[in-house]
Amino acid sequence: MKKFFQAPPRLGNQYDDDRVLRSFLRRNIVGPVLAEIEPGLRRLGARAAGEMIGLALEAERASPALVQFDAWGRRIDEIRVSPAWQAMHRIAAEEGIVATAYERRHAEARVHQFALLYLYHPSSAIYSCPLAMTDGAARVLEIEGEQDLRREIVPHLISRDPDTMWTAGQWMTERSGGSDVSGTETVARREGGMFRLYGEKWFTSATTSELALTLARIEDSRDLSLFLVRLRDEQGRMNSIRIERLKDKLGTRALPTAELLLEGTPARLIGGEGRGVKKIATMLNITRLYNACCAVGFMRRGLALARDYASRRHAFGKLLSEQPLHIETLASLQVGFEGSFHLVFFAAQLLGRDEVGTATVQERRILRLLTPLAKLFTAKMAVSAASEVLECLGGAGYVEDTGLPVLLRDSQVLPIWEGTTNVLSLDVLRVLQGEKVLEDLFAELGARLENIPAILAKARQNLLAALDQIRLQLSQLLAGDRAQMEACARDLAMELSRVVAGVLVIEHAAWSLASEGDMRPVVSAQRWCGTGLIAPSGALISRSKSWLRYSHSIAIDDNLSRVQESFA
Ligand SMILES: Cc1cc2nc3c(=O)[nH]c(=O)nc-3n(C[C@H](O)[C@H](O)[C@H](O)COP(=O)(O)OP(=O)(O)OC[C@H]3O[C@@H](n4cnc5c(N)ncnc54)[C@H](O)[C@@H]3O)c2cc1C
């Protein structure tokens, strides 16, 4: 009897097969420019489904190794990475993943770059992480760097030549905290006309990079300052940096993440003394949007695999793609992906405008709000989507050599680094308390909901009702008690993300129907903006003081009467 073997899922060209990306680009990039950049996108789409898949698996299997001593006992602290990981560097440079944003060859250079990153990331074994920090460092140096740094370092960071392209790290986290860096213990001492850093950095990814931006406290100063560190000297030796060990991580296994000891590391002060956190925020804004772009890249990859598998796998006499409940599962994944996609690419568009000085004041304020929103929302969406995708492949989804479990493991880092969900939710709250942000946002969203066709009228109506509700909740919350405000911050940020994304999907669906005759975005928009978009009116603000007391008792599992005493 002929034995059964299941056909594995296959990927086609990741650009050609991506209806959502292609439609977005058609709408937002003028025809002649799109025609010019499409061959590059298509080439990367082919690489991402071809050679990069094997390289990513190989890089994941051959994790980096730390060699601390040479044969004669000399300390060398070398991180050895696989040829596959090095190949990811080469591909990133060749495809201009960072460079595209800085060449600014056309008005939508950031959107173009995000499209490349989105195609590159899911097949990159997380080489997208060093690229994010490289891009962030280039932007910081563009804004804050002195002329020699802009002349000598930035061209390396944005190079298309694999041999001259450098990457950069971002060392913020210490043992005392990653979210709260106020406990930073690293000290910068003035020695012989230069600064030297003494301290420990607890999580440093991309430790094979040529340079890093980091925070340290100049001796006798209370404030943190921003420094640039070159990791190696002219002879290739570590610049008074010891690599203590590499982290043993759940995912991102190809990416070296180390603990470092700075033992008098020469460092260059960036942008003058103090305000280090504010200056590194420029880098964080970029890395957060990279994170969001990578999240939607993963979501799209998972969907491509699950969809293809559904057309190959039979159960109960039919293909999975013919089973109503499986179809619903895939459709929900698609709807979640489309909303997330539009949120991220809208943010990329605003970032691009901000960088070339064409963003309005309102757009700059919206970008400030959208950056944490897009990061926190898409990261959570990506984790749940990856989990669902694994289930869509049944047992095969849980087996390592299918290459699928890595999707879940690697997605799980997205809500943690570059600001956790809670920390970013509090940031959103901070932004909302700022001047006119809400007014700007609601004006922008309202304008985008004009001229929506009748087929989307119900979805539009739901959104407008949700917007009103959020406005009401916010005005009550922002006038209220701090603890209550903080306790509601995450739900509020999630609701706001859903509503902003809803406006964007409706707007795009209206365009796509009129310009491409495509009903599919309309179906997604109707579902995204269906009922349950946000919590029922008053659900957030009903979190009174007694609610918080009860939360405390069950969260900390403490006796309610003792908790009540501590709140009294
Ligand atoms: C694979 C990997 C690579 C990394 N690479 C780097 C790197 O290259 N450079 C770097 O600087 N860092 C890096 N990090 C560190 C990462 O940025 C931090 O782990 C992250 O910022 C969280 O900081 P923490 O670990 O100190 O957690 P904490 O800040 O202690 O947070 C613990 C929990 O408390 C919550 N929390 C904290 N404050 C509040 C609050 N006020 N209200 C409500 N909840 C709160 C958080 O949301 C979180 O759930 C990396 C981490 C990982 C996993």
Side-chain angles (χ1 to χ4, degrees), residues 60 63-64 79 125-137 140 167-186 197 199-209 211-216 224 226-227 229 231 241 243-260 262 276-277 280-281 283-284 286-288 290-291 294 372 375-376 379-380 383 406 409-430 482-494 548 551-552 555-556:
E60 166 90 357
S63 315
I79 296 176
I126 316 290
Y127 203 83
S128 47
C129 165
L131 298 183
M133 299 188 286
T134 302
D135 192 331
V140 170
T167 57
Q170 156 195 309
W171 303 343
M172 294 181 71
T173 307
E174 297 196 2
R175 276 197 298 271
S176 56
S179 313
D180 176 8
V181 293
S182 63
T184 296
E185 292 173 330
T186 302
L197 305 187
E200 290 171 62
K201 296 290 173 184
W202 186 235
F203 271 94
T204 64
S205 288
T207 323
T208 44
S209 293
L211 58 99
L213 293 185
T214 190
L215 296 174
L224 290 169
L226 181 63
F227 290 90
V229 166
L231 272 80
I241 299 171
I243 304 178
E244 298 284 78
R245 60 175 167 165
L246 290 178
K247 301 278 195 195
D248 182 9
K249 298 172 288 177
L250 169 70
T252 69
R253 289 183 184 162
L255 169 76
T257 302
E259 295 166 19
L260 301 181
L262 310 181
V277 175
I280 209 164
M283 186 173 199
L284 282 175
I286 305 261
T287 54
R288 284 175 180 166
Y290 261 68
N291 201 88
C294 295
K375 193 288 187 178
L376 73 90
K380 283 294 199 199
V383 177
V406 63
R409 279 204 304 273
D410 285 355
S411 293
Q412 184 59 67
V413 81
L414 299 171
I416 297 175
W417 63 15
E418 312 305 349
T420 62
T421 313
N422 280 359
V423 166
L424 292 178
S425 300
L426 295 175
D427 188 42
V428 167
L429 206 56
R430 219 173 0 259
R482 179 74 211 171
Q484 188 190 10
M485 239 195 285
E486 287 196 14
C488 298
R490 182 197 280 227
D491 287 346
L492 192 70
M494 289 291 177
L548 294 181
S551 295
H552 193 287
I556 311 295

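Scope of the values below: all heavy atoms of this structure, side chains included, with no hydrogens, waters or symmetry mates. Order of listing sets the numbers, starting from 1, for every ligand and every atom in it.
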For [X], take its heavy atoms, then give the atoms of ligand 1 lying under 4.0 Å from any of them.
| X | result |
| --- | --- |
| Q170 | 7 (C), 8 (O), 9 (N), 10 (C), 11 (O) |
| I416 | 20 (C) |
| S179 | 21 (O), 22 (C), 23 (O), 28 (P), 29 (O), 31 (O) |
| V413 | 1 (C), 53 (C) |
| N422 | 43 (C), 44 (N), 47 (O) |
| T252 | 1 (C) |
| K249 | 1 (C) |
| M172 | 10 (C), 11 (O) |

Next on the checklist: Before you tell me yes or no, could you show the steps for L246 and T257 under side-chain contact (heavy atoms from CB on, under 4.5 Å), namely the whole-Å CA-CA distance, both residues' side-chain angles and the distance that decides it to 0.1 Å?
Outcome noted: CA-CA 6 Å; L246 290 178; T257 302; over 6 Å; no
Geometry only, no angles: is T173 polar-contacting ligand 1 at N/O separations under 3.5 Å?
yes
Less than 4.0 Å from [atom], is there any heavy atom belonging to the protein?
| atom | result |
| --- | --- |
| atom 34 (O) of ligand 1 | no |
| atom 30 (O) of ligand 1 | no |
| atom 51 (C) of ligand 1 | yes |

Report the member of [options] with the shortest heavy-atom distance to [atom].
| atom | options | answer |
| --- | --- | --- |
| atom 37 (C) of ligand 1 | L426, V423, L213, L255 | V423 |
| atom 10 (C) of ligand 1 | F203, W171, W417, W202 | F203 |
| atom 21 (O) of ligand 1 | P256, G251, G169, G178 | G178 |
| atom 5 (N) of ligand 1 | A212, A487, S205 | S205 |

Under 3.5 Å donor-acceptor, [X] side chain and [Y] backbone:
| X | Y | result |
| --- | --- | --- |
| R409 | L250 | yes |
| T204 | A258 | yes |
| K249 | L255 | yes |
| R288 | E418 | yes |
| E174 | E185 | yes |
| K375 | L414 | yes |

Rounded to the nearest 0.5 Å, the CG atom of D180 sits from the OG1 atom of T173 at a distance of 11.0 Å
* Asked: Is the shortest side-chain N to carboxylate O distance from E259 to K201 below 4.0 Å?
  -> no
Only one of V181, T214, L213 forms a side chain to side chain contact (heavy atoms under 4.5 Å, CB included) with M172, so which one is it?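 Only one option passes, and that is V181.
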Q.
If the contact criterion is a heavy-atom separation under 4.0 Å, does G177 count as touching ligand 1?
A.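 Yes, that is the case, since the closest heavy atom of the residue is under 4.0 Å from the ligand.
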**Prompt:** For ligand 1, which part of T204 has a heavy atom less than 4.0 Å away: the side chain, the backbone, both, or neither?
**Reply:**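 The answer is the backbone of T204.
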### Query
So, N422 versus T420: side-chain donor-acceptor pair below 3.5 Å or not?
no
